[in-house]
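One structure is given here, and the rest of the page talks about it.
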Amino acid sequence: MRRLFAASIWAPGAIPPDEWKYRNLKRVWLPVYDFIAIAAGYFAWAHGSNILNRLFAPALVDVLGILMIIVATVCFAGVAFPRLWPVEMIGKVLLVGMVVGYISTILLFGRDLPTNLFVVAMLGWGLPLAMFRLNLLGEEYKERNNEEAVAA
């Protein structure tokens, strides 16, 4: 268990001093974001979605909920264990794609668009954090490649 904690973002020294300003983002807000996404997937699986239930078979909504749980859990694993950053990057891209897909479905197929715009806005509200995280991961990837090129 100690080795697992030592590999996590919560271990002392897990965040380099030059990234200290992002410590709460990495240790608190990104995990919270992923847990909310896990909860959203659970609620979609357990209770469905009024909008999606009108458009698709309940079994498909269940599958989407389970997929959301899996993808969000992958994202959490990548946040919790910095060495899994490629896993997080893939997970965040999939998570953003799922949310954008849900927004698009509501906009394209929703019956009463004006009353659904609140849901669209609430879904869109969460996207900037995921996009910001993807931006950070991309910058970290470039830094790693530059360091490897200089070392070679």
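Values below: all heavy atoms of this structure, side chains included; hydrogens, waters and symmetry mates excluded. These numbers come from a predicted model, not from an experiment.
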Using residues 86-93 as the side-chain source, report each donor-acceptor pair under 3.5 Å to any protein atom, sequence neighbours left out, with the distance given to one decimal.
{"from": "E88", "atom 1": "OE1", "to": "R133", "atom 2": "NE", "distance (Å)": "3.4"}
{"from": "E88", "atom 1": "OE1", "to": "R133", "atom 2": "NH2", "distance (Å)": "2.9"}
{"from": "E88", "atom 1": "OE2", "to": "R133", "atom 2": "NE", "distance (Å)": "2.8"}
{"from": "K92", "atom 1": "NZ", "to": "D34", "atom 2": "OD1", "distance (Å)": "2.9"}
{"from": "K92", "atom 1": "NZ", "to": "D34", "atom 2": "OD2", "distance (Å)": "3.3"}

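Cluster note: V63 groups with no other residue, as no ILVMFWY side-chain heavy atom lies under 4.5 Å from it.
For residues 42-59, no pair satisfies salt bridge (charged side-chain N to carboxylate O under 4.0 Å, His left out), with sequence neighbours left out. For residues 87-112, no residue pair satisfies the ring-ring contact (aromatic ring centres under 6.0 Å, His included) rule, not counting sequence neighbours. Under the salt bridge (charged side-chain N to carboxylate O under 4.0 Å, His left out) criterion, no residue pair touches residues 65-80, with sequence neighbours excluded. A side chain to side chain donor-acceptor pair (under 3.5 Å) check over residues 115-124, counting only residues at least two apart or in different chains, returns the pairs D112-T115. Residue pairs that meet the salt bridge (charged side-chain N to carboxylate O under 4.0 Å, His left out) test with at least one member in residues 8-25, sequence neighbours left out, are E19-K26. Within the structure, every pair that satisfies the ring-ring contact (aromatic ring centres under 6.0 Å, His included) test and touches residues 37-62, not counting sequence neighbours, is listed here: Y42-W45. Identified under the ring-ring contact (aromatic ring centres under 6.0 Å, His included) test for residues 114-152, with sequence neighbours left out: W85-Y141.
W10 contributes a side-chain N or O that, together with a main-chain N or O of R27, makes up a donor-acceptor pair within less than 3.5 Å.
Taking F76 as the reference, F35 meet the ring-ring contact (aromatic ring centres under 6.0 Å, His included) condition, with sequence neighbours excluded. Qualifying side chain to side chain contact (heavy atoms under 4.5 Å, CB included) partners for I36, counting only residues two or more places apart in sequence or in other chains: V32. T73 meets the side chain to side chain contact (heavy atoms under 4.5 Å, CB included) test with I38, I69; sequence neighbours excluded.
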